[in-house]
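The block underneath contains the structure these notes are about, expressed in structure tokens.
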Amino acid sequence: MTPKEHLTSLLKLAVANIAPGQEDTIELERPKAAGHGDFSCNVAMRLAKTLKKNPRELAQAIVADLPASQLLEKAEIAGAGFINLFLKPAAWAQVVHTIRTQGGTYGHSDAGHGQKVQVEFVSANPTGPLHVGHGRGAAYGASLANVLEAAGHAVTREYYVNDAGRQMDILALSTWLRYLEQHGILVPFPTNAYQGDYVREMARAIADEHGDRYVHEPWRILDGVPLRPDDELVAGGDAEAKMQNEAHLDGLIAASKRLLGAEYPYFHGFALNEQLSDCREDLIEFGVEFNEWFSEKSLFDTGKVASAVDTLKKNGHLYEQDGALWFKATAFGDEKDRVVQRANGEYTYFASDIAYHANKFERGFDRIIDVWGADHHGYIPRVKAALIALELDPEKLTVALVQFAVLYRGGQKVQMSTRSGSFVTLRELRSEVGNDAARFYYVLRKSDQHLDFDLDLAKSQSSDNPVYYIQYAHARVCSVLAEWGGNVSGLEHAALDKLTSAYELTLMKRLLEYPEIVVASARELSPHLIAYYLKDLAGDLHTYYNAEKFLVEDEALKLARLALVAATRQVLANGLSLLGVQAPEKM
RNA sequence: GCCCCCGUAGCUCAGUGGAUAGAGCAUCCCCCUCCUAAGGGGAGGGUCACACGUUCGAUUCGUGUCGGGGGCGCCA
């Protein structure tokens, strides 16, 4: 039992005497000012109104009824009716033993009661390298999943692979066109196809392997394809030209499918495989792994999309207009009705997403968390609408929106544009600032807030850089323990009552807070709380380090101090691991 | 026009229905004969955008105003 739990139970006993049935309103908080005790309770003020009593008198009565305790030093009444509780130092010191005993699981709890939670994140189209925007979703989702797990949830990490649909067709087409280029067949490359060099590389690999097997004459390719509009009009944002541009692209896709025939799936599959394995590798290097890579295509293949749409139709939630099939999303709180099947018979992305979410519910998760880029926020009402229409509980779904990250280098915004292909990839970022700094910086802000990512700062190996600041604290303790040379497990019998300085008490209090931080972080879906906690903890350690020498002559004092810093090292390592950041022994 | 995020120290940002609102950077002063100075101590710096409301109590919750950023396809 933690001191906080202990004090809460004492207060409950006292309150039960005075106001039976009100015990559950008790909450303890940690006051900011040291003079206000280690914990503070506002229950007297909260009960004053219903009991029609003066809050200070109520507080007096509660304090008078507090059972005696080994850990409680004193209880004071202050301000408008606060009950301020002061603990004996021994109450704090026990945390050092707790940490040594629990090791890597210190901070874990059963707060989530084993609830089955799915966290779906990244889910980028496998049509090219991950960029820095995906990186934030990856870092956030991975840390969030870790935090939820530590707080006692059964977590499934999932990547939704958009392997069906037009974007993949565009990638397959792009690859084929580059392949043709390499055989001297010059079909003008569409502006809205994938421009990146990785497409040329895939084309080269196919050419190396299969020679000219997939070559077709240019006039046959362009036969019947809507004409390409003027590029300048498209770039200028002319609506008609843009539509024409898309029609041109769709025409080329149709041509590639027609001419390649049974070979088309080869191009499609090759490109998908290449991009997906590249993405998977990228993420693994970034410390991000998934339990499930869920294929969108499989939803079509197993008829799940059709059956989800059928269910909606059967329940009268669909209607036809302009040849398309519309979902009455407005009946369930969305602002517009949405198309699920286009006039050309193709299902929309929304249709497969309905099937996907229905499938998530079928798999029996108690809670589903979708991590999406903030640009999708308008999408939430329609997905929730679909859930309600399918008689599924929309409260089980939480969409965590991740705002964009903007890179800064030399104080200047790094310009990015997907269109021109001039985006910075996650790989480039990782190689520039390192995995640890990237992981840490991504979660240093609340996820729903714009992130300014300062590349120079993330790279700097100085105290300005919070990653190094925290890692350095860990390395410092390792260094002290190495200097001492003893076995950490031998610190079991350290006399912790030797730890009485203000530095030591501050540190112990901080260590004791860690499990609460993990729980709060899970509850708020906010891994950044861990990052801020670690900065504070590292700060406490550095202050202590500078103020006191640990390897002192007095053997008992030395062992007590080493036990404390070893516990600090453990918590630093535990917290860093939740964020996917290394805890180095040397720097 | 509609929607989302934000407005807290010079800058970048935490924070909370509670008491005297914090950190880092920047500025100024100071600390290695010492377990890693990638560190530490101290000083200055605030109308928590503004108004009204709810409350015993609001920087926190609600409404409105102003200001900044972003998003709004039969795209995914």
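Just so you know, these numbers use all the heavy atoms, side chains as well, and skip hydrogens, waters and symmetry mates. Please read all numbers here as calculations on a predicted model, not as lab measurements. All chains are named by letter (A, B, ...) in the order of the sequence lines, taking the proteins before the strands, and each is independently numbered beginning at 1.
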Mind checking if [X] touches a base, just sugar-phosphate, or nothing, with heavy atoms under 4.0 Å?
X: L529(A); answer: sugar-phosphate
X: K586(A); answer: base
X: A475(A); answer: base
X: T127(A); answer: nothing
X: E335(A); answer: sugar-phosphate
X: N54(A); answer: nothing
X: Y441(A); answer: nothing
X: E27(A); answer: nothing
X: W326(A); answer: base
X: A374(A); answer: nothing

For the side chain of [X], starting at C-beta, report the closest nucleotide among [options].
X: N125(A); options: A76(B), C4(B), C5(B); result: A76(B)
X: H376(A); options: C5(B), A76(B), C35(B); result: A76(B)
X: Y532(A); options: G71(B), A19(B), C13(B); result: C13(B)
X: K446(A); options: A19(B), A14(B), C4(B); result: A14(B)

Practice prompt. Would you please determine if the base of G40(B) is stacked by H542(A), with stacking meaning a centroid separation under 5.5 angstrom and planes under 30 degrees?
Written response: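 Given the distance and angle limits, no, they do not stack.
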
Taking 4.0 Å as the cut-off, does a side-chain nitrogen or oxygen of [X] come that near to OP1 or OP2 on [N]?
X: R445(A); N: C5(B); value: no
X: R476(A); N: A37(B); value: yes
X: T543(A); N: G41(B); value: yes
X: K32(A); N: A19(B); value: yes
X: Q449(A); N: A14(B); value: yes
X: R342(A); N: A76(B); value: yes
X: Y469(A); N: G40(B); value: yes

Discussion item. With side-chain contact (heavy atoms from CB on, under 4.5 Å) as the criterion, how do E246(A) and N192(A) come out once you've worked through the C-alpha distance, each side chain's angles and the decisive distance to 0.1 Å?
Written reply: CA-CA 8 Å; E246(A) 297 304 319; N192(A) 45 355; 3.2 Å; yes

Using the [atom1] atom as the point on both nucleotides, what is the distance between [M] and [N], in whole Å?
N: C30(B); M: A49(B); atom1: C1'; answer: 38 Å
N: A21(B); M: G46(B); atom1: P; answer: 12 Å
N: G53(B); M: A58(B); atom1: P; answer: 12 Å
N: G22(B); M: C48(B); atom1: P; answer: 13 Å
N: G15(B); M: U8(B); atom1: P; answer: 14 Å
N: C50(B); M: U60(B); atom1: P; answer: 10 Å
N: U20(B); M: C2(B); atom1: C1'; answer: 44 Å
N: A43(B); M: C6(B); atom1: P; answer: 33 Å

Between the base of [N] and the side chain of [X], is there a donor and acceptor pair under 3.5 angstrom?
X: T348(A); N: A76(B); value: no
X: D536(A); N: A14(B); value: no
X: H528(A); N: A14(B); value: no
X: H450(A); N: C6(B); value: no

Have [X] and [Y] got a donor and an acceptor in their side chains that come within less than 3.5 Å?
X: Y194(A); Y: Q167(A); value: yes
X: E296(A); Y: S352(A); value: yes
X: N245(A); Y: T191(A); value: yes

Response to the item:
Whichever of A343(A) and G539(A) has the more 5' nearest nucleotide on RNA chain B, that residue is G539(A)

Discussion item. R510(A) vs D540(A), test: salt bridge (Lys or Arg N to Asp or Glu O under 4.0 Å). Steps then yes/no.
Written reply: CA-CA 8 Å; R510(A) 186 80 70 188; D540(A) 292 339; 2.6 Å; yes

